[in-house]
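Scroll down for the structure; my scribbles are underneath it.
Residue numbering restarts at 1 for every chain, and letters A, B, ... go by the order of the sequence lines.
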Amino acid sequence: MIEINGLTKKYLTKTALQDVTLKIENGGITGLIGENGSGKSTLLKVIAGLVRPTNGEVTVNGKAVSRRIATDVAYLSELDAYYPFFTVQQMIDFEASQFPDFDKERAQAMISFMKLNPSSKMKTLSKGNRGRVKIILALSRNAPIILMDEPLSGLDPMVRESIVESLISFVDVENQTVIITTHEINEMEPLFDRVIAIKNGRILATADTETIRDQQNLRLIDWLKQEYR
Amino acid sequence: MTDKFDTSKPIYKQIADQLYWRMIRGELQPGDKLPSVRECAVEFKVNPNTVARTYNEMEREKVVKTKRGQGTFVTTDENVLFDLKESMKKIHIEEFVHEMEEMGYTEEEMVASLQEYLDGRDTND
């Protein structure tokens, strides 16, 4: 379980997160949605131990979050983070050497699923294929927590579809807790068990997606607009 | 990729309806094994937890039966499948009648125009 208590994060004079208190139960896929600059990415980085809170506490499965939480948390950055001179295979071998929970067999299965050539150099890959490699690196770990910052952003529809399919095929939704930030709400909504709406660094609402559909007859985007009013 | 679903309504129910439709059309026969939760999730491009909920719902309605360690199977109880078909028929008739009423047609006119349509279709075939 991820527990956040009274979390505030300030960058100099700018407040990115303001008094966030949140509990995310284990298992399932959570969508973290909100406009640009609402604090989505900062919240993920705090949970990943990449950004230190100004105030408040964050624990992952009872452990206080620090940089070392990387053993429990797989984090997919919005930015590209790889060595350009590595081949796809070397990139996977490197990641496997860093994380004991890395499943090389799953990585191979995902390489063929994504139709990638393991001997291609990272720097020669198209943007779409780099996006695919990042997904493989994140989802090949048996980490209890997987955080993905904008995994579909800037990618073409075919790549986006293969990423959505790989999430369905390779995430263990019963045992892994996945949090995804996205603006591609319509594409991602069938994947979310629950959603968190965030605005100006504050949590507006959290809800079970099927409950939203059942009780309010709203598409996720319409629910978000309603919460934003 | 979500064009298969109306995402303002629960997705688990829409998947159940699609699987019921396959049973009624005979694409899934009594006693047939359903795809695994994961396979079904991949096919419909939804969260596997949603499909698990669909399977629970169908089991609660006694249309499928889960055998431990073997998977989920369409019931062999023909009565259940007959009822399923009847309730689907009723839903479509109600929808038809409702729309015709909205347009101001009487019951007699509905029956007459339905008969006329069916007769016309026969001669065209």
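- Residue B/F5 holds its CZ atom at 11.0 Å from CD of A/E189, rounded to the nearest 0.5 Å.
- Per-residue counts of heavy-atom pairs under 4.5 Å with chain A were compared for B/N49, B/V42, B/T50; the largest is that of B/N49.
- For A/K199, the NZ atom sits in a packed shell: over 12 heavy atoms of surrounding residues, nucleotides or ligands are nearer than 6.0 Å.
- Other residues, nucleotides and ligands place no more than 12 heavy atoms under 6.0 Å from the NZ atom of B/K62.
- For A/L218, the part lying under 4.5 angstrom from a heavy atom of chain B is the backbone only.
- Atom CD of A/E174 is surrounded by 12 or fewer heavy atoms from other residues, nucleotides or ligands within 6.0 Å.
- For the options A/N217, A/I168, A/V173, heavy-atom pairs under 4.5 Å to chain B are most numerous at A/I168.
- Nearest approach of B/V46 to A/L191, heavy atoms of both residues: C-CD2, 4.1 Å.
- Other residues, nucleotides and ligands contribute at most 12 non-hydrogen atoms within 6.0 Å of the OH atom of B/Y105.
- At least one side-chain heavy atom of A/D214 sits less than 4.5 Å from a side-chain heavy atom of B/K13.
- Within 6.0 Å of the OH atom in A/Y228, the count of heavy atoms belonging to other residues, nucleotides or ligands exceeds 12.
- Environment of CD in B/E27: crowded, with over 12 heavy atoms of neighbouring residues, nucleotides or ligands closer than 6.0 Å.
- You'll find the side chain of B/T7 stays beyond 4.5 Å of the side chain of A/L220, heavy atoms only.
- Within a 6.0 Å sphere centred on CD of B/Q70, other residues, nucleotides and ligands contribute more than 12 heavy atoms.
- Across B/R38 and A/S169, no two heavy atoms sit closer than the pair NH1-O, 3.2 Å.
- Minimum heavy-atom separation, B/P10 to A/R213: N-CB, 3.5 Å.
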